[in-house]
Colleague: 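Sharing a structure here in structure tokens format.
The first residue of the sequence shown is numbered 1, and numbering continues consecutively from there. Below, each value reflects all heavy atoms present in this structure, side chains not excepted, and no hydrogens, waters or symmetry copies. Note that this is a predicted model, so its numbers are computed, not measured.
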Amino acid sequence: MSHDIKEMEFICLACSKKFNAFCVAGKIVLADGTIGGWVRPMNKHQVIENRDRAYADKLGYAEPLDLVSAVYLNPIPEGFQSENILIDTEYYWEKLNPPDDLNIDSLLDTPDTLWVNGYHSSNGVNDRVPARIISTVDNSLYFIKVSSLEISSEFSYNKLKVRGNFYYNDIEYDFTITDPYICEQFKENGLYTIGDCYITVSLGVEFNENHYKLIAFLYKE
């Protein structure tokens, strides 16, 4: 490749639903194998489409926990979504072999809280940040380990709504789940006990004067 092409390697930690496309996010893997910061790759439409996350060998698409190599143009931070980065859609992504010593716990974040608390939707708990105070927030992604997570699934107005209730640092949260695999697995009405698991939580763009907190990826060993 030409010397001016910029490549990044990242562990994918979310490939969640976003309108009719996807929101992909992950953590950079540096040349020495250490874990760097978050990136949210996106095309010029600020999403990732299937073509964007397709591998060059046509054997599949980027999925959570893949180690991915992608060509990018430049970072495009936007407010609290400081992780956004514009990809070069002329190049296919490549799936790499992860380092032998990569441990999922090495990917964890340890924030005291999941952004600003005290604001709740009609169905959620601590699941939104009002747009009027979003300037106090400077990031939008965490990968954390939680205990006693419960999933609730319900059809409302002919639309499946899947939520996850959990405690983190003794604080209760209840977020909408946008992980497509979890939504497919738990598409029947009911309450499901998951227990200890890993989740990626994301803070979304403004909707009705609020920014909603989402579970973008759920992984249970």
Side-chain angles (χ1 to χ4, degrees), residues 1 3-32 34-53 62-94 106-117 119 126-144 173 175-176 178-179 199-217:
M1 286 188 173
H3 70 279
D4 59 347
I5 290 177
K6 296 179 285 189
E7 294 179 273
M8 62 180 177
E9 295 181 9
F10 65 94
I11 293 286
C12 182
L13 290 173
C15 187
S16 64
K17 297 181 296 182
K18 183 177 183 180
F19 308 119
N20 293 319
F22 298 91
C23 178
V24 173
K27 285 196 170 183
I28 290 289
V29 178
L30 302 174
D32 63 359
T34 58
I35 305 302
W38 281 97
V39 287
R40 181 186 285 105
M42 53 179 54
N43 61 24
K44 64 181 181 180
H45 303 295
Q46 297 188 321
V47 296
I48 288 292
E49 297 169 314
N50 268 332
R51 163 61 180 83
D52 302 323
R53 67 187 186 103
E63 304 286 357
L65 301 184
D66 284 357
L67 177 58
V68 180
S69 174
V71 176
Y72 70 97
L73 296 172
N74 52 272
I76 49 170
E78 185 171 350
F80 68 96
Q81 288 196 340
S82 56
E83 309 90 351
N84 297 354
I85 190 165
L86 181 66
I87 63 167
D88 190 335
T89 56
E90 295 297 316
Y91 296 86
Y92 282 99
W93 291 2
E94 181 181 357
S106 69
L107 303 171
L108 288 172
D109 298 306
T110 56
D112 292 331
T113 65
L114 303 180
W115 304 291
V116 180
N117 289 329
Y119 300 92
N126 289 315
D127 66 331
R128 65 183 180 91
V129 179
R132 58 183 170 79
I133 63 169
I134 197 63
S135 61
T136 64
V137 177
D138 61 6
N139 73 308
S140 65
L141 291 159
Y142 290 125
F143 185 61
I144 59 174
Y173 296 94
F175 297 170
T176 293
T178 57
D179 182 328
I199 60 174
T200 297
V201 291
S202 175
L203 188 59
V205 297
E206 184 178 346
F207 177 74
N208 289 342
E209 300 183 350
N210 287 284
H211 297 266
Y212 286 89
K213 306 172 188 179
L214 310 166
I215 296 177
F217 172 54

Colleague: Working to the nearest 0.5 angstrom, can you tell me the gap between N210 CG and I133 CD1?
Modeller: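 Interatomic distance, N210 CG to I133 CD1, rounded to 0.5 Å: 9.0 Å.
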Colleague: Please, which pairs that meet salt bridge (charged side-chain N to carboxylate O under 4.0 Å, His left out) have at least one residue in residues 74-84, sequence neighbours excluded?
Modeller: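 Sorted result for residues 74-84: R40-E83.
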Colleague: If we ignore hydrogens and angles and just use 3.5 Å, is the side chain of T200 paired with the main-chain N or O of A14 as donor and acceptor?
Modeller: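 Checked: no pair found.
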Colleague: With a cut-off of 3.5 Å and sequence neighbours excluded, list every side-chain donor-acceptor pair involving residues 63-75.
Modeller:
| unit_1 | atom_1 | unit_2 | atom_2 | d |
| --- | --- | --- | --- | --- |
| E63 | OE1 | Y181 | OH | 2.4 |
| E63 | OE2 | Y181 | OH | 2.8 |
| D66 | OD2 | Y55 | OH | 2.6 |
| D66 | OD2 | E63 | N | 3.0 |

Colleague: Partners of Y212 by ring-ring contact (aromatic ring centres under 6.0 Å, His included), sequence neighbours excluded?
Modeller: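 For Y212 there are no ring-ring contact (aromatic ring centres under 6.0 Å, His included) partners, ignoring immediate neighbours.
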Colleague: Which residues pass the salt bridge (charged side-chain N to carboxylate O under 4.0 Å, His left out) test with D138, not counting sequence neighbours?
Modeller: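 Partners of D138 by the salt bridge (charged side-chain N to carboxylate O under 4.0 Å, His left out) criterion come out as none, since no residue qualifies.
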Colleague: Identify the heavy atoms of D109 and K27 that sit nearest to each other, and give their distance.
Modeller: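 Nearest pair, atom of D109 first, then K27: OD1-NZ, 2.7 Å.
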Colleague: With a 6.0 Å cut-off on the ring centroids, do W115 and Y142 count as close?
Modeller: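 They qualify: ring centres under 6.0 Å apart.
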Colleague: When rounded to the nearest 0.5 angstrom, what is the spacing between CZ in R128 and CG in N208?
Modeller: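 Answer for the CZ-CG pair, R128 versus N208, is 10.5 Å.
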Colleague: Using the ring-ring contact (aromatic ring centres under 6.0 Å, His included) criterion, which residues pair with Y173? Sequence neighbours excluded.
Modeller: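 Partners of Y173 under the ring-ring contact (aromatic ring centres under 6.0 Å, His included) test: F166, F175.
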Colleague: Sequence neighbours excluded, which residues qualify as ring-ring contact (aromatic ring centres under 6.0 Å, His included) partners of F80?
Modeller: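 Checked F80 against ring-ring contact (aromatic ring centres under 6.0 Å, His included); matches are H211.
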Colleague: Go through the steps for I215 and D179 under the test side-chain contact (heavy atoms from CB on, under 4.5 Å), then give the verdict.
Modeller: CA-CA 7 Å; I215 296 177; D179 182 328; 5.7 Å; no
Colleague: Measure the spacing between CD1 of I76 and CD of Q46 and express it to the nearest 0.5 Å.
Modeller: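 Here the interatomic distance stands at 6.0 Å.
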Colleague: I'd like to know if the side chain of K213 reaches the main chain of N126, judged simply by a donor and an acceptor atom lying under 3.5 Å from each other, with no hydrogens or angles considered.
Modeller: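 Yes: the side chain of K213 pairs with the backbone of N126.
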Colleague: Determine, step by step, whether T176 and D127 satisfy the side-chain contact (heavy atoms from CB on, under 4.5 Å) criterion, reporting the C-alpha distance in whole Å, the side-chain angles of both residues, the deciding distance to 0.1 Å, and the verdict.
Modeller: CA-CA 8 Å; T176 293; D127 66 331; 5.7 Å; no
Colleague: Should we count CG of D112 as having more than 12 external heavy atoms under 6.0 Å?
Modeller: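 Result for CG/D112: open.
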Colleague: Backbone N or O of L141 within a donor-acceptor pair of the Q81 side chain at under 3.5 Å?
Modeller: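 It does not hold such a pair.
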Colleague: Could you tell me the separation between the CD1 atom of I11 and the CH2 atom of W38, rounded to the nearest 0.5 Å?
Modeller: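 Here the rounded value is 11.0 Å.
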Colleague: How far apart are the closest heavy atoms of D32 and T34, and which atoms are they?
Modeller: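 Distance-wise, the nearest heavy atoms are OD1-OG1, 2.6 Å.
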Colleague: Show the numbers, then the answer: is there a side-chain contact (heavy atoms from CB on, under 4.5 Å) between L114 and I144?
Modeller: CA-CA 10 Å; L114 303 180; I144 59 174; 4.0 Å; yes
Colleague: Report the distance from atom CD1 of I87 to atom CG of N43, rounding to the nearest 0.5 Å.
Modeller: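 Output value for this atom pair is 6.0 Å.
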Colleague: V24 and P41: which non-hydrogen atoms are nearest, and at how many Å?
Modeller: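 Smallest interatomic distance, heavy atoms only, reads O-CD, 3.3 Å.
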Colleague: Can the positive tip of R53 be found less than 6.0 Å from the middle of the six-membered ring of Y92, inside 45° of the ring normal?
Modeller: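 The answer is no, since R53 fails at least one limit relative to Y92.
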